[in-house]
Trainee: 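Here's a structure for you.
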There are 2 protein chains.
Amino acid sequence: MELSNKTEIIGSMLLKENIKPSYARIRIMEYLLSRKSHPTVDEIYTALVKEIPTLSKTTVYNTLNLFVKSNIARVITIEENETRYDADMSCHGHFKCESCKAIRDFSFKCAAIDTSDLDGFLIREKNVYYYGLCPECLASESQD
Amino acid sequence: MELSNKTEIIGSMLLKENIKPSYARIRIMEYLLSRKSHPTVDEIYTALVKEIPTLSKTTVYNTLNLFVKSNIARVITIEENETRYDADMSCHGHFKCESCKAIRDFSFKCAAIDTSDLDGFLIREKNVYYYGLCPECLASESQD
DNA sequence: CATATAAACTGTATTGGTTACAATTCTATT
DNA sequence: AATAGAATTGTAACCAATACAGTTTATATG
């Protein structure tokens, strides 16, 4: 069956990182994986509290911090006031449309960035953020 | 003389953006340009209030927001809790050492990032953040 | 099965960076 | 000198994030 299968996959993913796969943790990771929108703590909490009435916002914070420390999620600081989270750990960039505020992924070749300036540095993580206008907002702006 | 020359250069830079070159604004921009450390609001305020006793933290916030809006400074969201500012508008990345917390610039070829995923998008700004360990911290860690 | 121990979760209080806003001071023009 | 407009100031408020202590849940052991 679909649900238990997904639960098992996420559960074993968490166990691999020595994280006890509690219900809240599984649901939070499932939510993260199912959204490419890189949700905020508030979005995650608001969505999940409908199905998990006892859920606390602190638990969402604790869980996400745990995921980040275990390298199965990462922080997206593309916005100045609010932190977003992403469970896609592959190399990709984030584009934020300054008009509609939507954030979308884009791929690029990580190795293509020449970092000879950082010879001798250990690079653990790369975050690439682009800002501008998406095609939809570009079109609607040119109509004004 | 040195100071008035610098003041004039920064003053004309501000005028070009239709920003009245007040004393506070000139000093804040001068501080930004002289530091490669990408200071926080608190650092700027603490440093300048010694010489400008009437300076208010709100003025630092207002001024930096004005600079960012006018595209003569940019926001660095390399840290989760605090915003940093950079007056170097050329294409470069920022590396943060997770051990000593130092932030340093590195250069890379902006055009080298293939963004075919973003065809049709208007890209206004690019921020590249790397995290890891600097050579000094790497050396001291391996001694443990 | 019951009990003990640790881990996970919860709710509230607190912190700290940032903004809102009204009052004050400064600047420029007549 | 007087006035208008802009810049600056200081306080209050906002809100994302964390600290913390109490509660619940899960696991292990007898």
Side-chain angles (χ1 to χ4, degrees), chain A residues 7 10-11 14-15 17-31 38-70 72-86 101 103, chain B residues 7 10-11 14-15 17-31 38-70 72-86 101 103:
Chain A
T7 299
I10 294 174
L14 298 181
L15 280 173
E17 304 294 332
N18 293 316
I19 297 172
K20 198 180 292 182
S22 71
Y23 185 65
R25 288 168 174 173
I26 288 176
R27 297 304 307 277
I28 290 169
M29 176 53 81
E30 181 192 339
Y31 189 84
H38 320 304
T40 64
V41 165
D42 199 66
E43 284 167 13
I44 297 170
Y45 172 77
T46 303
L48 291 184
V49 78
K50 292 171 189 164
E51 303 165 40
I52 318 170
T54 63
L55 185 67
S56 155
K57 214 175 230 184
T58 301
T59 298
V60 181
Y61 276 105
N62 290 340
T63 303
L64 290 169
N65 286 338
L66 181 65
F67 288 172
V68 170
K69 218 183 303 175
S70 303
I72 54 175
R74 61 165 150 168
V75 168
I76 308 287
T77 57
I78 200 167
E79 313 208 64
E80 285 169 51
N81 57 330
E82 220 171 350
T83 302
R84 293 183 172 275
Y85 293 87
D86 190 357
K101 315 296 180 195
I103 296 170
Chain B
T7 300
I10 294 175
L14 298 181
L15 279 173
E17 304 296 330
N18 291 317
I19 297 171
K20 197 182 291 185
S22 72
Y23 185 65
R25 287 168 175 173
I26 288 175
R27 296 305 305 277
I28 290 171
M29 176 53 81
E30 181 192 340
Y31 189 85
H38 319 306
T40 64
V41 165
D42 199 65
E43 284 165 14
I44 298 170
Y45 172 76
T46 303
L48 292 185
V49 78
K50 293 169 189 164
E51 304 166 40
I52 317 170
T54 63
L55 185 67
S56 156
K57 215 174 231 185
T58 302
T59 297
V60 181
Y61 276 105
N62 290 340
T63 302
L64 290 170
N65 285 339
L66 181 65
F67 287 171
V68 170
K69 220 182 304 175
S70 303
I72 54 175
R74 61 166 151 166
V75 168
I76 308 287
T77 57
I78 201 166
E79 313 208 64
E80 285 170 49
N81 58 330
E82 220 170 351
T83 302
R84 293 184 172 274
Y85 293 87
D86 191 357
K101 315 296 180 195
I103 296 170

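Only heavy atoms go into these numbers, but all of them, side chains included; no hydrogens, no water, no symmetry mates.
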Trainee: Strictly below 4.0 Å: does Thr58(B) bring a side-chain N or O up to OP1 or OP2 of dA20(C)?
Mentor: no
Trainee: Separation of Tyr23(B) atom OH from dT25(C) atom C1', in whole Å?
Mentor: 17 Å
Trainee: Can you find a side chain N or O atom of Ser22(A) that sits less than 4.0 Å from OP1 or OP2 on dA8(C)?
Mentor: no
Trainee: For Ile28(A), run the side chain to side chain contact (heavy atoms under 4.5 Å, CB included) check against Ile52(A), Asn62(A), Leu64(A) and tell me which one passes.
Mentor: Leu64(A)
Trainee: Whole-Å distance between dA17(D) P and Asn81(A) CG?
Mentor: 8 Å
Trainee: In whole Å, I'd like the distance from the CG atom of Leu66(A) to the P atom of dA7(C).
Mentor: 13 Å
Trainee: Give a yes or no on whether a salt bridge exists between Glu79(A) and Lys101(A), defined as a side-chain N under 4.0 angstrom from a carboxylate O.
Mentor: no
Trainee: Checking the side chain of Ser70(A) only, and the main-chain atoms of Ile72(A) only, is there a donor and an acceptor separated by less than 3.5 Å?
Mentor: no
Trainee: Look at Thr83(B) and dT18(C) and indicate whether a side-chain polar atom (N or O) is within less than 4.0 Å of OP1 or OP2.
Mentor: yes
Trainee: I need the CG-P distance between Asn62(A) and dC20(D), as an integer number of Å.
Mentor: 13 Å
Trainee: Please find the pair of heavy atoms, one from Ile26(A) and one from Pro21(A), that lie closest to each other, and give the distance.
Mentor: CD1-O, 3.5 Å
Trainee: From OH of Tyr45(B) over to P of dG17(C), roughly how many Å is that when rounded to an integer?
Mentor: 14 Å
Trainee: In whole angstrom, give the distance that lies between atom CD1 of Ile28(A) and atom C1' of dC9(C).
Mentor: 11 Å
Trainee: Taking for each residue the nucleotide of DNA chain C with the nearest heavy atom, is it Thr63(A) or Lys20(B) whose nucleotide lies nearer the 5' end?
Mentor: Thr63(A)
Trainee: What is the separation between atom CG on Leu14(B) and atom P on dA7(D), rounded to the nearest whole Å?
Mentor: 11 Å
Trainee: Does Thr54(B) put a side-chain nitrogen or oxygen below 4.0 Å from OP1 or OP2 of dT8(D)?
Mentor: no
Trainee: Could you state the atom-to-atom distance from CG of Asn65(A) to P of dA16(D) in whole Å?
Mentor: 16 Å
Trainee: Considering non-hydrogen atoms only, spot the tightest contact between Tyr31(B) and Glu43(B) and give its length.
Mentor: OH-O, 4.0 Å
Trainee: Compare side-chain N and O positions of Tyr61(A) against OP1 and OP2 of dA17(D) and report whether any pair is under 4.0 Å apart.
Mentor: yes
